[in-house]
Every structure is written in structure tokens, then in C-alpha cells.
Student: 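Can you read through this structure? Questions will come right after.
Residue numbers start at 1 and run along the sequence shown. Values in this document were obtained by computation on a predicted structure and should not be read as measured data.
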Amino acid sequence: MEEPYNITRAVRLALKSEVGELPPAPAAAVKLLSLTRDEDTQVFAISRVIETEPALTVKVLQIVNSAFYGFPNRVKSIHRAVTLLGISAVRQVALQVLFYEGLVKKGGGKGVFDRLRFWQHSLFVAILSRGIAERLDHPDPDSLYTAGLLHDLGKMILESHGRVRYSDFLSASANSVNSIRENEQTYFGVTHDAVGAAVSASWGLPELVCRVQAHHHGPFAHLKLTPEAMREVAIVSLADFIAWTQGIGSVDMLNSPSLPPEVLSLVHLDQVGLADLLERADAEITGIGAFYGLQFPSPPQLRANLVATAVALCRDESDQAPTGGRCSHTAPHQSLDPDDFIPKTLEALHRELGIERLLMMQVEHERRSLVATHALPSSPATSPDRRLELEITSLSGDLVRCLRERRPVLVRESPDNRTILDALGVCEAAAVPVMCHGRLLGVLWLCRKDPDARLDIAPLHEVMCVAGELGIAIERSRAFARERARAEVDTLTQLSNRSAVDRFLDQAFRQGRDAGRRFVVGLVDIDYFKRFNDNFGHQSGDDVLKIVADTMRGLTRPTDFLGRYGGEEFLFVLMDTGTDGAAIYAERIRTQIEQRGHILTERFPGYPLTASIGIAPYRETCQDLATLVAAADAALYRAKASGRNRVEAA
């Protein structure tokens, strides 16, 4: 975690001015003003309006906790604040908000950042936070409501006062593969949670509000917080996660926050009563919607199921003991290539134990599926166009028992087993879990050639030993693949590094020379990159490199290649493409980088972000790879010599 001074400095650099009051939805201010004109209005009614609007909540808490009033204890609840302030002071708050609304927000323009959507998200998180706090017997649930309402305030601050508007940021990063917070760090130099916490602290808001804003995305177990303070952060973090799983996010993107690992140890779902919590939240937010003439429809039980599924995905599956034993038949798995050692293992099982048919299915965690990868004898079930795949969430019968209990099962004909047996083309099969260190990696199927024949389960014990050894080999091969991939990735841009670039270029050149395959090499160079480092610091220079890398990644097809060639220079290889297609692609990259440069004008005043690009197609006359890259480099030099921010072809 950054030092407080560095965070404060980063926040100051991300904002174009000092932050004043935030413009709220006008309906809240108007409603509050009309209520405060009525002498018979109860404090409850006024509190309800304030609690539904983040900007009014901030202003009221600022006033009631100011030195002017000098209350001995810090006020954290809106109801208490209104009681202490009185109707007159609240009327002044409404007038101040309306004044700000008319002069500032009116001229602020309209962007991708939807303030109404942000308001709905803040409301839902606030309601859930208070509900969870009540169920956990928190002494002041209303304070958690306030913390939930303001948890994402940094996004509103960046939209209104950021050097880069949050709307422009959302537009620029719409196709990014990174998380919202990763992209915030790159575009703003700081994340929205740090902005919200720093500004709220400068306003003198309660420590709880600042703490929740700073840490609700976690992890936070390493911080020197009391157990109660950590649980308060966990409450809002869980509420935020639930809101996103219901489609009630603060921005209109298919992106949800990850659930910090410590949340579920601090807030147990069985204590929360998820279905009832969501039902009550639905009722309250529907009432608020009616109050302002809005609608928030939502089936509560469906939401409960969605959240339970999402939380289950966050849990660690490895909760069982590892499979024991080793088998001398097939123990040596010297190769790290699964396409080598898995078929050899199947052949050994067939040869030494007489098993007629074997099928290996591996777990693909991202797809939440079991996927057939190898078979003996060969089977269409493992071919790329007809590969057998079973969604784990849709499984039933004995296979579920095999996966859940991590032990072999005999799968015989029954309604629950019919789907998998039909897929295997047999009336009976044995499923053996393949594991390593308690983690399920796949399932090994044993079958007879004759689909109507019964299976001999005598060799099952030895197969279990082999499956344990196979699991170790698979895990070793995956670890090797991860390390190899990590070794070929540029740590700053997360693109392929120079070593991977050279390897891919060599492969592409051989395919062009031996098989006549077309491809084009392109070099991208950031214009006047040194100026960014010299004038804004190396961190800003790193952010520029990340932005250009992410821009290119969002425009590249899966079959193409992209890497950092060195310094501020990038290289792309477009397979099965000619000069015209590559020129169109390069122009799209150039245009997108220039557009992001316009967005970053306030952050880098006087220094537009642009790039020059040179492309060169592979031709039969190319003597070697160096000649081809030199042609792309010469085209890049012409682009820079011709005024930069342009594309040139060899």
C-alpha cells in the first residue's frame, strides 16, 4: 500500500481543482426543500430524503461535525444529525445544494457515467450494508448505511473534478481486458477508492466512512485494524459485491469487483439470511423509487441464487486430503507436455491392467467445465470440433458424488446418470478423480469396448494410484506452463516481451517461407515519449506505455501477435493478412491512441499522446527475418520524418 503522502499527492494530481460539494440528483434536493417548508414535517421524513442522496449525506455530516456546533461526540447517523441540526439548518443545506446544482452541474455536460445509475447502486449498497449490520448485531447499523452510501464517492469526484473525466475514462477503457481499478490507476494515476477516502478525510467525514472507501475492494487483513473495524469494511464490501451480482453496478459495464478473501471469514452468509435480506432490500428500494417516481424491479429469490453462485466461485475448492500412493507401472512422468505423458499413461493402463477404453477429462476453471482431452482408443469426443464438454453446474447423479467426495464411483444406468452415459456411449463406466494436493484437476473414465458389457472393477485400486501420479504430473506441467508464460511477459505492459517477440517472429517467418503463409509485421513508436518522462515523471511514462499497450490489445485478433519490442516501441504480427488489411488495422491503432491522448490532455497539458507506425509485409524475396523487420523499421522512420502520428508502409 502506498504511503499516505504519496496517495494524497496522487489524488491532487488526478484532480483539476479543489473539490467542493457534489451535485446530487435534483429530485432529492427539491423533495427535501419542499419537506422543510412544512412545519409539521417529522425528522424521520427529512432523514429519509437525505439518506437517499450521497451529496446531501456528505453535506449534512460535514455541518453537524464541524467546529461551529462543537458536539462532544462525532455524529455518524443522519437521523441524529437532523435532530441536532434542526429544520432550519437542513433547509440551508437544500438551498446550497440547489445553488451548486444550478451553477456547476448544469454546465458539466453529459457523459457515459450515469449519475442515476450511480445513485441506484449507492442506495442498494447502503440498504444492504445496514441490513447485514443489523443481522450481525452491529451497535450502529445507520453508520454502515452512510458508509455504504458513500463507498464509491471517488467515482463521482473524478467525474466532476478529475483531470480526466470518469465518463471519458469509461469510454476509453470500454474494450480493455483489465479490471476497472487497474485502468483507473493507469489513466488517473490513482484509483477511485483512494480518491474518495482522501477527499472524504479532507472534508472531515467520519473515520468509518473514510476507512470503508479506502479498503472495501481489499485485501485488508494485513492492515492494523481492530476486528470490529475489519468487519465493518467486510460488510460494505459484501454489500457492494451483492449489488454487482444483481446487475446494480455503479457503471454500465459487465464488470464486477472480486470478493476480498477475508470477507467470508468475517461475515458468514448463514448469519446474513440472504433471501430475506434481498427481499427487504427490494421492498425498501421500491419504496424509495416510488418516492421519487422511479422503478427498481427485482425477484429476490433469483438474486439470492445468483449471489450464492457467485460466492461459491470465490471459494477455494481444495478442502480435501490428497490422494495417496504411487504406482510403479506408470510412475515416471518425465515429460512436461500433457500431450505426451497423458496418452502414455492411458496406454500403460490399457496394456498392464487390461482396461479397454479410457477417457481423460480435465477441469477448465474459467469455463466451469469438464472437457475431454485424451482418449484410448482415439475418440471424436476429444476432437476440437466435437469435443465432449460437461458444465459442472449442470451435472447430476453419481458423477457429482465423485467430484464432491473426491473418490471413485461406478456410474450405472439411472435417470440421473443417463446424460453422461449416453455421451460416453456405454451403459456403465467408472469415474476416477484426478487430483493433486487435494485439488481436483480432472476425471479419468474407464469403460468396456462393448457398450452393453459390465465393467470389471478389480483394477480400480491401482487406477486410483495412477490417477494420483497423473494429477501430480498435470500440476507440474501447468506450473511449468505458467512459469514459461510469465518469463515471456513484459511485467509493465503485460504484453509479450522481446524474447517471446523474437520466438514468434521466427515461427511466422518459417511458416511464410515453408508454407507460403502471408503475414505483416508492424512497429509502433510513441511520439516524443521522453517528454512524458522528463516533464511528468517515470510513473506517468509507465502509465502512457500501459495505455498504448491496452489500446493495441483491445484491437488485436486472437490469431495475431502483440509484444513490447523495447523502450517505447511495440511490435505486432498480423497473420493471414496483406498490406491493405494491415494498414487499416494500423490506422485504427493510431486513431485510438490519438483519441486517448485527447482524453489525457488535462493530465498531460501541452503534450499530446500520439504514435507513429511502420508496416512491412512478408514477401518471398525476404532473405531473412532481419530484412523484414528492417523494412518495417524504415517505414516507421519515414512516418516520424514526415511529421509523426501517421502510418507508413514499406
Side-chain angles (χ1 to χ4, degrees), residues 177 254 305-306 308-310 312-318 320 337-347 349-350 355-436 439-449 451 455 463 466-467 470-471 473-475 477-479 481-482 485 557-559:
V177 298
L254 292 176
N305 293 340
L306 285 171
T309 301
L313 293 175
C314 298
R315 294 186 185 278
D316 186 358
E317 291 181 0
S318 46
Q320 302 290 328
D337 182 2
D339 289 332
D340 178 32
F341 67 75
I342 292 180
K344 286 182 178 178
T345 301
L346 301 186
E347 289 169 6
L349 287 171
H350 169 67
I355 302 170
E356 296 175 336
R357 287 180 57 193
L358 294 129
L359 178 70
M360 179 67 196
M361 300 187 78
Q362 296 188 53
V363 174
E364 286 199 7
H365 291 283
E366 289 184 2
R367 298 167 64 92
R368 298 289 294 169
S369 298
L370 279 170
V371 178
T373 58
H374 302 84
L376 183 75
S378 59
S379 166
T382 61
S383 60
D385 56 335
R386 298 178 59 186
R387 182 166 291 172
L388 175 62
E389 180 173 353
L390 303 172
E391 290 186 14
I392 293 176
T393 53
S394 66
L395 297 178
S396 61
D398 290 317
L399 180 55
V400 173
R401 187 157 54 89
C402 170
L403 301 183
R404 185 177 296 147
E405 299 177 6
R406 308 292 204 263
R407 63 183 181 84
V409 298
L410 190 61
V411 181
R412 289 182 168 142
E413 282 210 60
S414 73
D416 288 339
N417 295 331
R418 189 68 266 159
T419 301
I420 181 61
L421 290 175
D422 285 346
L424 296 172
V426 295
C427 66
E428 186 176 272
V432 180
V434 177
M435 301 170 60
C436 182
R439 187 171 184 81
L440 182 70
L441 301 180
V443 173
L444 184 60
W445 289 97
L446 286 61
C447 311
R448 291 288 303 274
K449 273 187 179 180
L455 186 69
V463 175
V466 174
L470 186 59
I474 290 173
E475 183 56 38
S477 73
R478 291 181 179 180
R482 288 193 297 268
R557 302 173 304 181
T559 55

Student: Which heavy-atom pair separates I355 from C447 by the least distance, and what is that distance?
Tutor: CG2-O, 4.5 Å
Student: Determine yes or no for a side-chain-to-main-chain donor-acceptor pair under 3.5 angstrom, with R387 supplying the side chain and A372 the backbone.
Tutor: yes
Student: For a quick test of reading the model, state the closest non-hydrogen atom pair linking P338 to H374 and the distance between them.
Tutor: O-NE2, 3.7 Å
Student: Can you tell me how far apart CG (D416) and CG (L399) are? Round to the nearest 0.5 Å.
Tutor: 11.5 Å
Student: Side chains of V434 and Q362: closer than 4.5 Å at any heavy-atom pair?
Tutor: no
Student: Where is the tightest heavy-atom contact between C402 and V409, given as atom of each residue plus distance?
Tutor: CB-CG2, 3.5 Å
Student: Just so I know, are the side chains of L444 and L346 near enough to count as touching, which here means a heavy-atom distance under 4.5 Å?
Tutor: yes
Student: If you take all heavy atoms of A431 and P433, which pair is closest and at what distance?
Tutor: O-CD, 4.0 Å
Student: Measure across C427 and L421 and return the closest heavy-atom pair with its distance rounded to 0.1 Å.
Tutor: O-CD1, 3.6 Å
Student: Side chains of L395 and T419, heavy atoms from C-beta outward: is any pair under 4.5 Å?
Tutor: no
Student: In the structure I gave you, are the side-chain heavy atoms of M360 and T345 within less than 4.5 Å of one another anywhere?
Tutor: no
Student: Just verifying a value: how many Å separate L376 CG and K344 NZ, rounded to the nearest 0.5 Å?
Tutor: 14.5 Å
Student: Could you check whether any side-chain N or O of D398 sits under 3.5 Å from a backbone N or O of N417, counting only pairs where one atom can act as donor and the other as acceptor?
Tutor: no
Student: Tell me, do L370 and V363 make a side-chain contact under 4.5 Å, heavy atoms counted?
Tutor: yes
Student: Do R448 and L455 have side chains that approach each other closer than 4.5 Å (heavy atoms only, starting at C-beta)?
Tutor: yes
Student: Considering only NZ, NE, NH1 and NH2 on the basic side and carboxylate oxygens on the acidic side, decide whether R367 and E389 come within less than 4.0 Å.
Tutor: yes
Student: Once you round to the nearest 0.5 Å, how far does CD1 of I392 lie from CG of L403?
Tutor: 6.5 Å
Student: Within this structure, what is the CG-OG1 distance for the pair L388 and T382, rounded to the nearest 0.5 Å?
Tutor: 9.5 Å
Student: Report yes if the side chains of L441 and R478 come closer than 4.5 Å at any heavy-atom pair, otherwise no.
Tutor: yes
